[in-house]
Every structure is written in structure tokens, then in C-alpha cells.
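Each remark here refers to the structure printed beneath this line.
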Amino acid sequence: MDKDYEKWLGKKRAESCMKNLNKKGFESHFAENRDEARNLIAKLAEGFETFGFGGSDTVRSLGIHTALAQAGKTVHDHWLPNLSPEQDLEIRLAQGRCDMFFCSANAIAVTGEIVNVDGIGNRTSAMAFGPKKVVVVAGVNKLTSDLDSALKRVHEVAAPMRAKSLGMDTPCAATGLCADCRSPQRICRITTILHCKPMLTDVAVVLINRVLGF
């Protein structure tokens, strides 16, 4: 398929999604590529001092956490190496009280709903309440037609790939298919749907016209 058509379709879907996100109180932005997204996010981050990061492959691929740390900002990142369980927990708790929290989404419906599924809940909690501002960064591959298809994407696409990437011992990581498992390492334990902007939390959504994340 011609890449120009893929980019055209991604942009059109993003435009429709952004209109519905805006109607529901979210702040929405569009970037054609990673560089545009980095510049846009840098402007959103101006004036903030403490930053939290969920375990997002999309956000990390942009290098935002590294840039902020190099700028002398306080970064709460539970993916730092050699953390003790106590340090890991302390960082996850701090993510819920930072100035700005970065995460992605497992799926975003073009109708304006943001869907996430977590195993621990630091991401789903922080993106709903706590930080002064939340920034959700997602590639257009995360967009689906409606809420039902967004929930379907989580189980059929996002969860199996994420479990595999983390080396989890779950049925979906072995077969690629959701099995409603009882594995101790199950990552699908908490589902949140942001139907509208939470009352006390500003949420910005940055859609990038690329295939990013799971």
C-alpha cells in the first residue's frame, strides 16, 4: 500500500477523533511524526517541574523522559534499573502526585473514549486523578471506530503484544489470543475508560501519524 494513503487515512481518522475528544473536554493535538510530537510536548511541559511516566513504549520511544532528566527536572520513572521493590513502589506512588504525567493508551475510540488496561494501576489511577496535567501520547494505530472496537483491540492486539514484550508467562503471550486467564502474571486486571475529561484533571491527547507502541 502506498504510504501516502496510509498517512492520509491516519490524519483523517485523527481529525475526527480530535473533534470528539474536544467535545468531551479533552485537549487534543496532532503531529505528523516523532520530531513534531517532541516539539509539541516540550511546549506542553513548559512551567512544570515534576514528571511521572507510565510504562509506555510509545512515550519512551520519543526520549521525553531522558530530555526532561537532562534538563534538571524531577522524573519519576519506575523503569530505572536495579530498583528495590520499595523504591519501585515509592516511584509509582509519586507518579500520582506529579505536575505532569505521561502515558499512552491501549486504544482510543474515534468517538472520543480513551481505554486503558493495567495490571498494577499506577497508570490508570494517575491519568484520572492526581497530577496537574496528563499527556496521553498515541500513534494512529491505536485509533478504533468506537468504544466496543476499542475494548476489543485491547484484548486482541494490545494485551498479547504487551505481555510478550514484557516476557510474561500468560496464555496470550504464548498463543497471541486472550484467554481470560488466571495467570499470576496476568496484566489485564484493571480497565478504565475516560468517557470525558475528569472533573479535576486536565488531559491532553497527542496523536502521532505513525504506528507506535502496542
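Quick caveat: nothing in here was measured; it's all calculated off a predicted structure.
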Whether Asn106 side chain and Ala158 backbone form a donor-acceptor pair below 3.5 Å: no

Check: Ser125 side chain, Asn122 main-chain N or O, donor-acceptor pair, under 3.5 Å: no

Would you mind checking if Asp148 and Lys152 are paired as a salt bridge, meaning a charged N to carboxylate O distance below 4.0 Å? no

Using the rule that Ile, Leu, Val, Met, Phe, Trp and Tyr join whenever any side-chain heavy atoms are under 4.5 Å apart, tell me whether Leu40 and Val136 fall into a single cluster. no

Are Asp99 and Arg97 ion-paired here, with the side-chain N under 4.0 Å from a carboxylate O? no

Heavy-atom closest pair, residues Ile108 and Leu207: CD1-CD2, 4.0 Å

Specify the closest pair of heavy atoms between Gly54 and Arg60, including all atoms of both residues, with the distance to one decimal. O-NH2, 3.3 Å

Check this for me: does any side-chain nitrogen of one of Lys133 and Asp202 sit under 4.0 Å from a carboxylate oxygen of the other? no

Between Trp79 and His65, does the side-chain contact (heavy atoms from CB on, under 4.5 Å) criterion hold? Intermediate values first, please. CA-CA 11 Å; Trp79 276 25; His65 58 304; over 6 Å; no

Would you say the side-chain atoms of Asp118 pair up with the backbone N or O of Thr124, donor to acceptor, closer than 3.5 Å? yes

Pair Phe101, Arg123 - check side-chain contact (heavy atoms from CB on, under 4.5 Å), show working. CA-CA 9 Å; Phe101 181 72; Arg123 172 180 61 157; 4.3 Å; yes

Cationic N near anionic O, under 4.0 Å, Lys43 to Glu46: no

Side chain of Arg34, backbone of Glu32: donor and acceptor closer than 3.5 Å? no

Near Lys132 NZ, under 6.0 Å, is it more than 12 heavy atoms from other residues, nucleotides or ligands? no

Would you tell me whether Asn22 and Ser28 have side-chain atoms, one donor and one acceptor, within less than 3.5 Å of each other? yes

Identify the two heavy atoms, one from Ala37 and one from Ile208, that lie closest to each other, and give their separation to 0.1 Å. CB-CD1, 3.5 Å

Main chain of Cys98, side chain of Thr50: is a donor-acceptor contact present, judged purely on distance under 3.5 Å? no

Atom NZ of Lys11 with >12 non-hydrogen neighbours under 6.0 angstrom: no

After noting the C-alpha distance and the side-chain angles of Leu21 and Ile114, does the key distance pass the side-chain contact (heavy atoms from CB on, under 4.5 Å) rule? CA-CA 9 Å; Leu21 288 169; Ile114 303 170; 4.3 Å; yes

Donor-acceptor contact present, side-chain Thr201 to main-chain Ala128, <3.5 Å: yes

Heavy atoms only: give me the nearest Ala126-Gly96 pair and the separation to one decimal. CB-CA, 4.1 Å

Smallest heavy-atom separation, Arg13 atom then Leu143 atom, equals NH2-O, 3.0 Å

Could you tell me which non-hydrogen atom of Arg182 sits nearest to which non-hydrogen atom of Asp180, and how far apart they are? NH1-O, 2.9 Å

Short side-chain to backbone donor-acceptor contact, Arg153 and Asn141, under 3.5 Å: yes

Glu15, CD: over 12 other non-hydrogen atoms inside 6.0 angstrom: yes

When you group the ILVMFWY residues by side-chain heavy-atom contacts below 4.5 Å and let the links chain together, are Met18 and Phe26 in the same group? yes

For Leu80 and Gln87, what are the C-alpha separation, side-chain angles and deciding distance, and is it a side-chain contact (heavy atoms from CB on, under 4.5 Å)? CA-CA 10 Å; Leu80 292 174; Gln87 290 172 320; over 6 Å; no

Are Phe51 and Leu44 linked, directly or through other ILVMFWY residues, by side chains that come within less than 4.5 angstrom of each other? yes

Taking a hydrophobic cluster as the set of Ile, Leu, Val, Met, Phe, Trp and Tyr residues connected by side-chain heavy atoms closer than 4.5 Å, whether directly or through intermediates, do Val75 and Val137 fall within one such cluster? yes

Under a 4.0 Å N-O cut-off, is there an ion pair linking Asp4 with Lys7? no

With a 4.0 Å cut-off on N to O distance, would you call Glu113 and Lys24 a salt bridge? yes

Quick check for you: to the nearest 0.5 Å, what is the distance between Met168 atom CE and Ile187 atom CD1? 6.5 Å

In terms of hydrophobic clustering (I, L, V, M, F, W, Y; side-chain heavy atoms under 4.5 Å; direct or indirect links), are Val203 and Val59 co-clustered? no

